[in-house]
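Side chains are part of it too, since the values below use all heavy atoms of this structure and drop only hydrogens, waters and symmetry mates. In this chain, numbering begins with 1 at the start of the sequence shown.
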Amino acid sequence: MVKSPVVTGISPKEGPPGTRVTIRGEFLGNKSTDLIGLTICGCDCLLSAEWKSDKKIVARTGAAKGKGDIIVTIRGGGTGTCTVQFRAYYETIGPMKESAVWIEESPMQSLAWGRRSLAPTGYTQEDPLGLSNEGNEKKFPEDLRDLFPDGSGDLSQENFTPGWFLLENHHATSFEDLKAGLSYLRRRVESQKEGQLSFLKSNAGSVIDQLDTLMTLRDRITQDNKVHGKEPVRQLDVSIRGSIDASHELFKDVLVRKEKADATRAALSAMSRHKFLFCLPNTVEKAALKNEFDIVVNDYARVKNLFGKTDVPIFRKVLEEVDVKILAIRQQLHGKIKEMPQGVEQQKKMIKALISLEAQQAGTTVAGKLKIDDPAWDAIEARAKHLEETFLKSYEQYSGKESHGSESKSRTDPAVTPVRVQFCEEMTEIAASQFPDLWRLGQAHFNGELRGAAPPKPGNFKRIILTAIEQFCSYLRSALLATSSAHRSLVAAVSAVKGLPAWPSVSPSLNFLITWLPHCLRYVRVSYATLIRLDLPNEALDIVLKFIDELRLYCMSTILKKANERVKKLHEKEQWELSVTEFAGATSLPARLEEILVEAIDDAQVACLTPEVREGTLLEPQSDGQRELSKRFQEILTSFCTVIESLALQRSDEDPQQAPMLSQLIGFPAALLQQQMSTGDKREWVNPAITWEQRLLCCLSNCIYCNRIFFPKLGNLFTRHSFPVPTLAIENSRSTINGLFASLLEMYVEHKSDPLVGTIEPSMYLGRFQWDQVGPSEKLSPYAHECLDNLVSVYSEIFAISPSLLRPILEPIIQTVAEELARLMTCVQKFNVNGALQATVDINVIRDAVRVYSNETAKSFFVEALDAIPSVPESEQRTFETVKTIKNNIRLQIMCLQVVDP
């Protein structure tokens with residue numbers, strides 16, 4: 001549970017509005033979006049808040065006043081508490097104070113009473129008490145704003161409070177000094193009341209100027225009397241009266257002309273009232289030519305209201321002419337609403353004008369000459385037909401391009417957009433731009449905005465919408481999915497169109513189209529999102545959704561097919577590196593397969609498997625997507641098995657040649673041990689001289705590794721992406737790889753056992769050897785010695801590649817050797833005593849040497865071989881000693897074959 005925030009500190013603790021403060025506390029949120037509220041002194045400061053950490057927030061104070069709490073609100077933690085407060089105050093800004101706003105800098109008012117003012121020589125105020133501030137520098141401990149909430153200590157303010165001034169400037173001044181300051185202030189006031197004499201003394205210059213002016217005025221009056229006489233006002237009165245009489249005469253003429261103008265104006269006004277009617281035929285015609293049909297509707301409605309019921313013949317004649325013009329305009333409008341392309345708003349505007357004109361013209365003599373039941377429906381059909389024609393035109397254009405071979409360049413140059421992709425872009429753009437207009441026009445018709453005289457046809461409109469969407473999907477399905485069923489669907493959707501060209505019969509190649517399928521899917525999804533925003537019915541949206549699912553499925557299928565094509569070429573990248581630490585002998589081939597699968601799954605995840613708006617999961621249980629994924633995945637694993645088989649069967653004359661029974665490549669065991677120590681016990685080996693036998697052993701190791709570890713581990717790839725694991729495909733592939741292992745194992749065993757077994761009998765009877773002519777000997781026969789050496793050679797070759805293959809390979813080889821020895825011993829016609837002893841020793845030494853890799857069948861063959869040798873009385877001890885001596889002499893070979901779990 002998220003704890004509530006707690007504010008434990010703020011810096012600074014006071015300031016005016018806009019002060020930058022640092023708030024510290026605990027549980028202030030884990031990120032900036034957690035901070036959803038911040039108030040300081042009751043003022044919301046969230047806009048200026050900057051979240052720094054869960055213990056620090058920086059903000060600016062608002063227009064608050066007084067002391068208040070700092071309250072922080074975080075998401076999930078609710079409203080917090082605080083242990084400190086902030087004091088907000090309004091600062092008085094004087095002329096010497098920096099401010100972000102303009103302050104009227106009027107001169108500071110002094111305490112001068114009377115007429116004399118002090119010049120603004122400076123803004124530093126003199127203490128009115130005449131006292132020094134020495135000893136009062138320390139601030140008063142209490143907040144003066146709390147004591148005087150409506151006062152001020154500034155002498156220039158209207159709300160000046162003496163108590164504030166004294167506490168702020170003289171709180172440490174003694175009472176005697178304050179009394180002296182009061183006496184000083186009284187003397188200054190009395191000095192301002194010195195009376196008139198003082199005033200004259202201070203303004204002597206002004207008084208003298210006034211006296212000079214009065215003397216000048218007296219001299220001018222005396223001079224005028226000498227020139228004009230002592231009564232100049234009488235002449236002025238006579239002149240004024242004569243001017244008044246002359247003006248009266250002039251005004252009479254103006255009044256006559258004004259009366260004539262008023263009469264003319266009244267006549268013109270009467271004519272102007274009927275000018276609208278007389279000019280209306282030309283007015284509506286000109287307005288129609290400019291497509292200003294709203295003016296036509298308004299003027300026609302106005303003239304019908306004014307003169308619709310008139311009996312004046314001239315007015316009736318003009319109205320009939322107007323009706324004829326309106327009828328022609330209605331015909332013009334009906335043709336214009338069906339012209340395409342045009343904007344839906346313009347179309348709606350003309351439909352409304354046509355409906356209004358038809359309603360206003362009802363009842364006239366010309367109303368029956370043109371009957372339009374539902375102009376809105378005519379416009380809907382025209383727009384739907386235009387959409388269908390646009391689809392067909394685009395289809396013909398792009399399919400024709402591909403038919404004429406313009407697609408060849410896009411197949412060779414990946415930067416060139418294929419024709420089908422261009423067609424997809426064009427179709428989706430048409431759908432995104434014209435479908436909304438068609439739908440909005442239909443909605444305006446059915447909600448009454450464009451309702452005509454005929455009843456609406458919702459069923460027909462739904463059919464139009466569904467047909468248009470089906471055609472849209474059919475065209476795209478034909479171009480992108482490229483299946484026969486898509487072509488049939490297209491033909492069914494546009495069967496009424498004749499001469500429809502078909503896409504070229506050659507299906508698009510994966511190499512040039514697969515990379516563009518996600519691009520096409522994005523365009524289709526954009527169109528689908530546009531249709532969703534229109535609030536279309538689910539039946540219409542499901543058509544597009546079905547096509548999107550088909551395209552997503554096809555996109556996933558093509559991505560996996562492309563991966564399968566890459567898997568089929570893995571044999572070209574096999575370097576025979578034994579780099580798998582989990583299983584000795586396995587090469588990097590499975591890791592390359594995993595890289596291809598991871599890349600394919602990631603591409604599919606990004607391109608098509610991630611559902612978007614209103615889309616479902618493509619890989620739901622028992623769905624087509626899951627079955628397609630399992631099918632393609634099994635094809636990939638089957639191709640991988642085929643690659644292993646082709647690598648195993650690939651032989652050429654250039655392969656390095658081995659000695660008949662001893663590998664020259666590895667040099668077991670010293671060279672192998674040295675190599676393992678130098679590589680940190682990592683079985684990584686790259687040798688350009690690898691033989692076919694060693695490649696076959698690597699393929700066998702890959703088969704075991706894939707069956708036991710790699711194939712089951714592939715399910716984690718799907719689990720990591722939250723996809724269902726294709727268990728059936730994995731199990732079938734394991735069965736396939738097991739069958740391949742059995743066939744390759746049989747091939748290798750046959751390749752090794754046939755020459756090995758075939759040399760036993762010739763070596764046994766070399767030099768005309770006969771078992772009834774054997775002399776005494778305590779050594780191993782050459783054929784037995786050669787047989788063991790050959791088995792050790794095979795052992796070393798297998799061990800160098802993959803020790804886990806020793807038992808599966810050596811058991812059938814040893815079984816074949818044992819069977820051959822039993823056959824040879826049975827075919828001997830006669831043994832002498834030494835021959836019987838020698839044969840018994842040979843068989844026992846071979847049997848004991850290969851005991852670890854002998855199955856029950858091999859053991860029975862060894863027993864059968866011993867039973868075929870005649871027994872020699874009292875020879876058991878001698879045979880035992882001889883066998884022991886020989887085994888000691890060939891202990892290295894025996895030790896090699898005695899490793900139980902290499």
Side-chain angles (χ1 to χ4, degrees), residues 258-383 440-441 444-445 447-456:
K258 180 179 180 300
E259 290 176 356
K260 292 181 179 180
D262 289 342
T264 304
R265 191 179 298 109
L268 292 175
S269 177
M271 293 179 62
S272 178
R273 286 200 302 270
H274 304 296
K275 179 182 178 181
F276 167 71
L277 174 62
F278 297 137
C279 296
L280 187 60
N282 291 332
T283 302
V284 296
E285 189 174 7
K286 291 179 180 179
L289 292 175
K290 296 179 182 180
N291 291 330
E292 296 174 348
F293 297 105
D294 51 344
I295 296 178
V296 175
V297 173
N298 293 335
D299 288 350
Y300 187 59
R302 181 183 173 190
V303 78
K304 292 288 285 186
N305 290 332
L306 293 175
F307 304 99
K309 298 180 180 180
T310 183
D311 295 330
V312 179
I314 187 64
F315 288 172
R316 297 300 306 171
K317 184 177 180 180
V318 175
L319 283 177
E320 291 176 358
E321 184 180 355
V322 171
D323 288 336
V324 172
K325 295 290 185 181
I326 294 298
L327 181 64
I329 292 175
R330 286 174 56 200
Q331 293 176 340
Q332 178 185 355
L333 275 174
H334 190 248
K336 281 183 173 294
I337 63 175
K338 295 188 290 185
E339 292 179 358
M340 291 293 161
Q342 64 174 316
V344 67
E345 293 301 325
Q346 178 67 18
Q347 201 173 18
K348 289 166 63 176
K349 181 179 178 181
M350 290 190 293
I351 293 173
K352 292 178 181 179
L354 180 57
I355 294 175
S356 298
L357 291 176
E358 186 173 3
Q360 294 172 11
Q361 204 171 30
T364 61
T365 56
V366 297
K369 295 182 179 181
L370 180 63
K371 184 66 175 178
I372 303 174
D373 294 332
D374 197 346
W377 182 253
D378 295 340
I380 291 173
E381 289 183 333
R383 186 167 288 276
R440 284 194 291 267
L441 186 62
H445 173 56
N447 61 21
E449 182 181 356
L450 304 177
R451 183 77 55 85

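For Lys338 against Asp378, the heavy-atom pair with the smallest separation is CG-O, 4.1 Å. Pairing each heavy atom of Gln360 with each of Lys304, the nearest pair is O-CE, 3.7 Å. Contact detail for Asn291 and Lys336: the closest heavy-atom pair is OD1-CE, 3.4 Å. For the pair Ala376 and His445, the tightest heavy-atom approach, listed with the atom from each and the gap, is CB-ND1, 3.4 Å. The shortest heavy-atom contact between Lys325 and Glu285 is NZ-OE1, 3.1 Å. The shortest heavy-atom contact between Met340 and Ala379 is CE-O, 4.4 Å.
Proximity of a side-chain donor or acceptor of Arg383 to a complementary backbone N or O of Gln342 within less than 3.5 Å is detected.
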Worked verdict on Leu354 versus Ile329 for side-chain contact (heavy atoms from CB on, under 4.5 Å): CA-CA 9 Å; Leu354 180 57; Ile329 292 175; over 6 Å; no
From CA spacing to verdict: side-chain contact (heavy atoms from CB on, under 4.5 Å), Ile351, Leu441: CA-CA 10 Å; Ile351 293 173; Leu441 186 62; 4.1 Å; yes
Evaluation steps, side-chain contact (heavy atoms from CB on, under 4.5 Å), between Val296 and Ile326: CA-CA 8 Å; Val296 175; Ile326 294 298; 3.8 Å; yes
Stepwise side-chain contact (heavy atoms from CB on, under 4.5 Å) check, Phe293 with Met350: CA-CA 7 Å; Phe293 297 105; Met350 290 190 293; 4.1 Å; yes
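Atom CG of Asp294 is separated from atom NZ of Lys349 by 4.5 Å, given to the nearest 0.5 angstrom. Taking SG of Cys279 as the start and NZ of Lys286 as the end, the distance is 8.5 Å to the nearest 0.5 Å. Going from atom CZ of Arg330 over to atom CG of Leu357 covers 7.5 Å, rounded to the nearest 0.5 Å. To the nearest 0.5 Å, atoms OG1 (Thr310) and CG (Leu319) are separated by 7.5 Å. One distance of note links CG of Asp374 with CD1 of Ile380; it measures 7.5 Å at 0.5 Å rounding.
Side-chain contact between Leu280 and Arg302 is absent, with no heavy-atom pair separated by less than 4.5 Å. Residues Arg316 and Glu321 have side chains not in contact (no heavy-atom distance under 4.5 Å, counting atoms from C-beta outward).
With hydrogens and angles left out, the side-chain atoms of Tyr300 and Asp323 include a donor and acceptor closer than 3.5 Å.
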